[in-house]
Amino acid sequence: MKGSILVVDDEEVILKSCKRILEPEGYDVSTALSALKAIELLEGAKPYDLVITDIKMPGMDGMEFMRRLRAKNPEICIVLITGHPSQESIKEALALGIIDYLPKPFSPSLLTETTAKAMEVRKKSVKTDSQDFTGEMAEKLAEIIRKHKNKPGSLIPVLQEAQELVGYLPPVVQRHIARGLNLPVSEVHGVVSFYSFFSMKPKGKHNVRVCLGTACYVKRAEEILARLKEQLQIDIGEVTVDRKFSLESVRCLGACGLAPVVVVDKDTHGSVNPVKTMDILAQYE
Ligand code: FES
């Protein structure tokens, strides 16, 4: 089995087609017709690697569901299904750590492709957690926690020092901190996701984001991404060996007039020529 997936949507036809498309690919697919039903399933004994959820649902909507899900389960991967997303909802969903979103109606190939990408991220995060957080770091983190433990407002300074120590705050680090400070993991996770200076993913010194939204896509964004992958020798979601660059793909950065767009850290590079991606990277060497 390639991984377990929970699909949440109030339209039965979507649940059925996700099951029909993903099960032959080797995934174990469960479905829920509402966010409340999904929460019930997620609180059960069965572990899930990925949740694919609709945003518009009666009762609890997808956004509220994701907030609750994240608070309880910082590790789980989420893919959002959405009709016409606003920049606001995409921003909030990204802040909640979604891997990607599926615009409705989506094709079977987009569903399998997005699912495979999310599962890859899931696998890597499990591997990276154990590789990046060594025993020596665990000892140092315990010292940091001891130093701050009985002071008021100790969580933020502990998180800051933990991030300096590990480079980012993966779930395993958040769990250590929660245990050490006698706090629920959901509280630690809530603070980590609220402040943008905390990161849950390993990042290079410079984070490169390539827009694959429609306006950029038609102007050869895929070629730009392929070149950057080749030049950096990493795939999406990865960090170069020297930790200098990390690479991400995004759907629309809100600068379609400048398509194709690549953003490095806070710098927007517009009208990028695919053969000149090396010039962009050189500015950060
Ligand atoms: S599609 Fe690339 S910035 Fe909008």
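In listed order, ligands and their atoms are each counted from 1. Since the structure is predicted, the reported quantities are computational estimates derived from the model, not experimental observations.
Listed by atom number, the atoms of ligand 1 under 4.0 Å from Ala215 heavy atoms are 1 (S). Close approach to Gly213 involves these atoms of ligand 1, each under 4.0 Å from a residue heavy atom: 1 (S).
Within the 2.8 Å limit, Cys216 places no N, O or S atom next to atom 4 (Fe) of ligand 1.
Residue Ala259 places every heavy atom at 4.0 Å or more from ligand 1.
Note: His269 and Tyr284 have perpendicular aromatic rings, judged against thresholds of 30 and 60 degrees for the angle between ring planes.
Residues Lys56 and Asp10 are not paired through a salt bridge, judged by the lack of any N-O separation under 4.0 Å between the basic side chain and the carboxylate.
Regarding atom 4 (Fe) of ligand 1, its nearest protein heavy-atom neighbour is Cys256 SG, 2.4 Å.
Taking the salt bridge (charged side-chain N to carboxylate O under 4.0 Å, His left out) definition, one finds that Arg20 meets it with nothing, sequence neighbours left out.
Across Ile52, Val7, Ile81, a single residue satisfies side-chain contact (heavy atoms from CB on, under 4.5 Å) together with Leu111, and that is Ile52.
For Leu225 against Ser249, the heavy-atom pair with the smallest separation is CD2-CB, 4.4 Å.
At a heavy-atom distance under 4.0 Å, only side-chain atoms of Cys211, from C-beta outward, approach ligand 1.
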